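Contents: one structure, followed by commentary.
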Amino acid sequence: MRNLRLLGNTLLLTVGVLVLDALIALPLAYLSVRCKIKARGLITLLGVLPLAIPGYVMAYAILGLGGFNGSIQAWIGWNFPRISGFAGSLIVLTLCTFPYLYLNLRTALLGLDQSIEEVSRSLGHDAKSTFINIILPQLKPAFLAGSLLISLHVIGDFGTVSLMRFETFSYALYLQYIAAFDRIYAAWLALMLLGLTTAALVLEYKLLKKAIYYRLGRGAAKSKTFLKLGPWKYPAYIFVGVLFLISVLLPVSSIMHWLTQSAFASVAGDLYRAFLNSVKASAPAAVLTTLMALPLAYIGVRYKTKLSNPIERVAYLGYATPPLAFALAFVFFSLQVSTVLYQSLFLLVFAYSLHFLAEGIGPVRSALYQAPPQYEEAARSLGYSSVKSFFKVTLPLLRGGIIASAALVFLSAMKELSITFLLSPIGFDTLALNVWSYTGEAMFAEAAPFALTILLFSSLFVGLLFSKELKT
């Protein structure tokens, strides 16, 4: 019965987050791409900015808003009830994941052929009918891609549900680990988590199988036309304003409020050590991941065979596996093979590298697609070996992709909680672990400096990553 309850809770939370994300991301993407509205760049910024707030940091900020001596009571004197359980998990995960769907929908809308919509309107269909019958069906791949990312995130989430005290498979796996460490039951829970993620992957593949969404002809290039909102202009601005208030302003304000309540001098030493520990694990993981991603991406791009594609796809297994189950597998492995590896920095770095390998491959692969293979062929024709041609000619062209790959993995590892919790050496406290542990004890003031440090690092990275997007 408990497993059925866990399954029901996990599915209920996943479906709830997907529904709310769709209700937020679709109108936001349509406003930023198709509508005549001011501050289009700011709307795009709003669509990506919540990516800078990890789930456990958002949970900390939301929890810190309510309750006795909470942020809201300090601001307006109202003892706002603290949100937790299913409602808290739903709110936090929705606010943290809607950018995944927004970015997919925005990209799809930018690539749609508007001439099809013009034909629809010329046949007598109004804007609403055209949107439902013409535009929406073409967004199916974007919906499925974004929904898959969100589902994997929610199913594997541990930090948010543990702080909100809502039992899902990940939270039950954590409780089993710290309470009794029943390996058999923990393994069953991990397998159930893997089953859910596999089902999500298979469902997405089945729904997109044999679907065709590309144009058969090139057609003529046309300038973009923007829809006038008319009387809907003010509701649109209200929607954007409320979303900004809930997803960015309130969480950041909550963190800043608790920062003013903290005795910073008393935690400055812990903050410095936690930051160094985070860098000690994240920097080697970024380097190792990039070194592994380089040959995998090269084989996948330059040597396309029946074997190369599966080899490259293996890298995505670690990313698709729920982090807590992934880390637990490393715990079992280290205890069975060599206890020296258990809770060692080496094992933590290696787990980071395998888990984030999919993130590391993306930028390197994109850079390889832009590096002409003719340069290598010319180098070989001049007497260089294949290896020397790669290092002399191709590798310098991949510098931007390699730096982006390392930076992406570095920041992801800095924010990672689940793997760090299970695999970090004893006494090896990171920024993420401090935020999670202090928040779990309702020590919001003590958690504030660590949460703010993560937020600043994440915001800087998101700004750099989407700087070009924000100009469009």
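In what follows, residues are counted from 1 in the order of the sequence shown. This structure is a prediction, so every number in the text was calculated from the model and none was measured.
- Counting all heavy atoms, side chain and backbone alike, Val364 lies closest to Ala297 at CG1-CB, 3.9 Å.
- Atom CG of Leu101 and atom CG of Leu144 lie 10.0 Å apart (nearest 0.5 Å).
- Looking only at side-chain heavy atoms (C-beta outward), Ile37 and Lys233 stay at 4.5 Å or farther from each other.
- The main-chain N or O of Leu431 is found under 3.5 Å from a side-chain atom of Ser278 such that the two form a donor-acceptor pair.
- The two residues Ala351 and Ile419 make their nearest non-hydrogen contact at CB-CG2, 4.0 Å.
- For Tyr237 (side chain) and Lys38 (main-chain N/O), a donor-acceptor pair under 3.5 Å exists by modelled atom type.
- With sequence neighbours left out, the ring-ring contact (aromatic ring centres under 6.0 Å, His included) criterion links Phe166 to Phe86.
- Contact between Cys96 and Pro99 at its shortest, heavy atoms only, is O-CD, 3.8 Å.
- Checked options Leu294, Leu357, Ile361; the residue passing with Thr289 is Leu357 (criterion: side-chain contact (heavy atoms from CB on, under 4.5 Å)).
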Legend entry - Full working for side chain to side chain contact (heavy atoms under 4.5 Å, CB included) between Ser282 and Met414: CA-CA 6 Å; Ser282 302; Met414 287 278 287; 3.5 Å; yes
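- Judged as a ring-ring contact (aromatic ring centres under 6.0 Å, His included), and not counting sequence neighbours, the contacts of Tyr298 are Tyr303, Phe390.
- Between Val409 and Thr290, the closest side-chain pair of non-hydrogen atoms is not below 4.5 Å.
- A 4.5 Å side-chain heavy-atom check between Ser32 and Tyr102 finds at least one atom pair inside the cut-off.
- Residues Gly146 and Asn104 share a closest heavy-atom pair of CA-ND2, 3.6 Å.
- Judged by distance alone, the side chain of Ser344 and the main-chain N or O of Leu341 form a donor-acceptor pair under 3.5 Å.
- Within a 6.0 Å sphere centred on CZ of Phe239, other residues, nucleotides and ligands contribute more than 12 heavy atoms.
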Name each donor-acceptor pair under 3.5 Å that joins a side chain in residues 13-29 to protein atoms two or more places apart or in another chain, with its distance.
from, atom 1, to, atom 2, distance (Å)
Thr14, OG1, Thr10, O, 2.8
Asp21, OD1, Phe98, N, 3.4
Asp21, OD2, Thr97, OG1, 2.7

Legend entry - Derivation and outcome, side chain to side chain contact (heavy atoms under 4.5 Å, CB included), residues Glu416 and Thr430: CA-CA 9 Å; Glu416 174 57 34; Thr430 63; over 6 Å; no
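- Note that CZ of Phe421 and CH2 of Trp436 are 4.0 Å apart. Values are rounded to the nearest 0.5 Å.
- Side-chain contact between Leu250 and Ile62 is absent, with no heavy atoms from C-beta onward closer than 4.5 Å.
- Ile454 is listed as a side-chain neighbour of Lys415, based on a closest heavy-atom distance under 4.5 Å.
- Sorted by first and then second residue, the side chain to side chain donor-acceptor pair (under 3.5 Å) pairs involving residues 48-61 (not counting sequence neighbours) form an empty list.
- Residues that satisfy the ring-ring contact (aromatic ring centres under 6.0 Å, His included) test with Phe326, not counting sequence neighbours, are Phe330, His355.
- The closest side-chain heavy-atom distance from Leu417 to Pro54 is not below 4.5 Å.
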Without placing hydrogens or testing angles, list every side-chain donor-acceptor pair under 3.5 Å for residues 152-160, not counting sequence neighbours.
from, atom 1, to, atom 2, distance (Å)
Asp157, OD1, Thr160, OG1, 3.4
Asp157, OD2, Thr160, N, 3.2
Asp157, OD2, Val161, N, 3.2
Thr160, OG1, Gly55, O, 3.4

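- Rounding to the nearest 0.5 angstrom, the gap separating the CG atom in Asn9 from the CD atom in Glu167 is 7.5 Å.
- A heavy-atom distance below 4.5 Å is found between the side chains of Leu65 and Ser254.
- Closest approach of Leu139 to Ala108, counting heavy atoms only: CD2-CB, 3.7 Å.
- The side-chain heavy atoms of Tyr352 and Thr420, taken from C-beta on, include a pair separated by under 4.5 Å.
- For the atom pair OG1 of Thr94 and CE of Met58, the computed distance is 10.0 Å after rounding to the nearest 0.5 Å.
- Nearest approach of Leu46 to Ser247, heavy atoms of both residues: CD1-OG, 3.7 Å.
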Inset, instruction - Determine, stepwise, if the pair Trp232 / Cys35 fulfils side chain to side chain contact (heavy atoms under 4.5 Å, CB included). - result: CA-CA 11 Å; Trp232 289 97; Cys35 297; over 6 Å; no
Inset, instruction - Decide side chain to side chain contact (heavy atoms under 4.5 Å, CB included) for Leu347 and Tyr342; before the verdict, give the C-alpha distance in whole Å, the side-chain angles of both, and the deciding distance to 0.1 Å. - result: CA-CA 7 Å; Leu347 189 65; Tyr342 179 62; 5.5 Å; no
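- A donor-acceptor pair under 3.5 Å is formed between the side chain of Asn277 and the backbone N or O of Asp429.
- Taken to the nearest 0.5 Å, the CZ atom of Phe428 stands 11.5 Å off from the CG atom of Leu423.
- The structure places OG1 of Thr168 at 7.5 Å from CG of Leu6, a figure rounded to the nearest 0.5 Å.
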